[in-house]
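The chain is numbered in sequence order, starting from 1. Since we're looking at a predicted model, the values are computed, not measured.
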Amino acid sequence: MRRAALVAVGIVLAVAGIAAVGLIVSSRDDSEVAGTPDGPGQVQPEGADPPASGPHGRELVTRDGGPITDDQLVQALELGNVVILYDAARPPAALTRLQDDVSGPFDAELAAAGQAIILARRAGSGPATALAWKRILRSDDPADPQLREFAEFWLGRGIP
């Protein structure tokens, strides 16, 4: 009987020790899994124009090279796509090359999987405004190398 009591006390102490170590280790974890990771561009607050997050309808982008709705834009970003807005009549050649090099020509299935660079016309967006989930990068030059860095870093990173 005494031996059984000692074994039971030993098991309780072992479990308590493991739990204590687990609590100590987890309290020192300063990772920000739920936050937005650091990367190129600036944080775009909710409610900004153009939107890079926030409430939206679940409307997928089925083509690029033209205007898209805010619902399509935010849904695309949530999935992990990178959307590059431009205000010209047609996408600048530098943006088309960037799209081809990084994700290939637009494909609706790839966009639905959050793995596409989507080019979209939007009045007032300037020569190139790149968007990812909660991120924005504005550029006066569609050939700006920062656009490629932004697209390569954020592509596939939707809502964490």
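Atom OG in Ser53 sits 8.5 Å away from atom CG in Leu77 (nearest 0.5 Å). For the atom pair CG (Leu110) and CG (Leu79), the distance works out to 11.5 Å, reported to the nearest 0.5 Å. Between Asp71 atom CG and Glu59 atom CD the span is 6.0 Å, to the nearest 0.5 Å. Once rounded to the nearest 0.5 Å, the distance linking OG1 of Thr96 with CZ of Phe106 reads 13.5 Å.
In this structure, a donor-acceptor pair under 3.5 Å is present between the side chains of Gln75 and Arg58. Between the side chains of His56 and Gln72, no donor-acceptor pair of N or O atoms lies under 3.5 Å. In this structure, a donor-acceptor pair under 3.5 Å is present between the side chains of Asp64 and Gln99.
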task = Decide side chain to side chain contact (heavy atoms under 4.5 Å, CB included) for Leu137 and Leu147; before the verdict, give the C-alpha distance in whole Å, the side-chain angles of both, and the deciding distance to 0.1 Å.
result = CA-CA 7 Å; Leu137 175 70; Leu147 293 168; 4.1 Å; yes
key: Evaluation steps, side chain to side chain contact (heavy atoms under 4.5 Å, CB included), between Leu85 and Arg121   = CA-CA 6 Å; Leu85 306 173; Arg121 187 165 40 93; over 6 Å; no
key: Verdict with reasoning, Asp49 to Arg122, per salt bridge (charged side-chain N to carboxylate O under 4.0 Å, His left out)   = CA-CA 11 Å; Asp49 185 37; Arg122 186 179 184 108; 2.8 Å; yes
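Leu60 and Leu73 end up in different hydrophobic clusters when Ile, Leu, Val, Met, Phe, Trp and Tyr side chains are linked at under 4.5 Å. Under the 4.5 Å side-chain heavy-atom criterion for ILVMFWY residues, a single connected hydrophobic cluster contains both Phe153 and Leu95.
Minimum interatomic distance between Ala76 and Ile118 (heavy atoms only, all atoms of both residues): CB-CD1, 3.8 Å. Minimum heavy-atom separation, Ala128 to Ile84: CB-CG2, 4.4 Å. Closest approach of Val74 to Pro51, counting heavy atoms only: CG2-CB, 3.7 Å. When all heavy atoms of Trp133 and Ala52 are compared, the pair lying nearest together is CE3-O, 3.5 Å. Counting all heavy atoms, side chain and backbone alike, Gly156 lies closest to Gln115 at CA-NE2, 3.4 Å. Considering every non-hydrogen atom in both Ala132 and Trp154, the closest pair reads CB-CB, 3.4 Å.
When atom types are taken as modelled, the side chain of Asn81 and the backbone of Ile117 share no donor-acceptor pair closer than 3.5 angstrom. With hydrogens and angles ignored, the 3.5 Å screen pairs a side-chain donor or acceptor of Tyr86 with a backbone N or O of Gly65.
Between Arg135 and Pro40, every side-chain heavy-atom pair lies at or beyond the 4.5 Å cut-off. Residues Val82 and Leu131 form no side-chain contact, since every pair of their non-hydrogen atoms from C-beta on lies 4.5 Å or further apart.
Shown are Pro92, Ser139, Pro142; of these, the side chain to side chain contact (heavy atoms under 4.5 Å, CB included) with Pro127 is made only by Pro142.
Relative to the six-membered ring of Phe150, Arg148 misses at least one condition, a distance below 6.0 Å or an angle of at most 45° to the axis.
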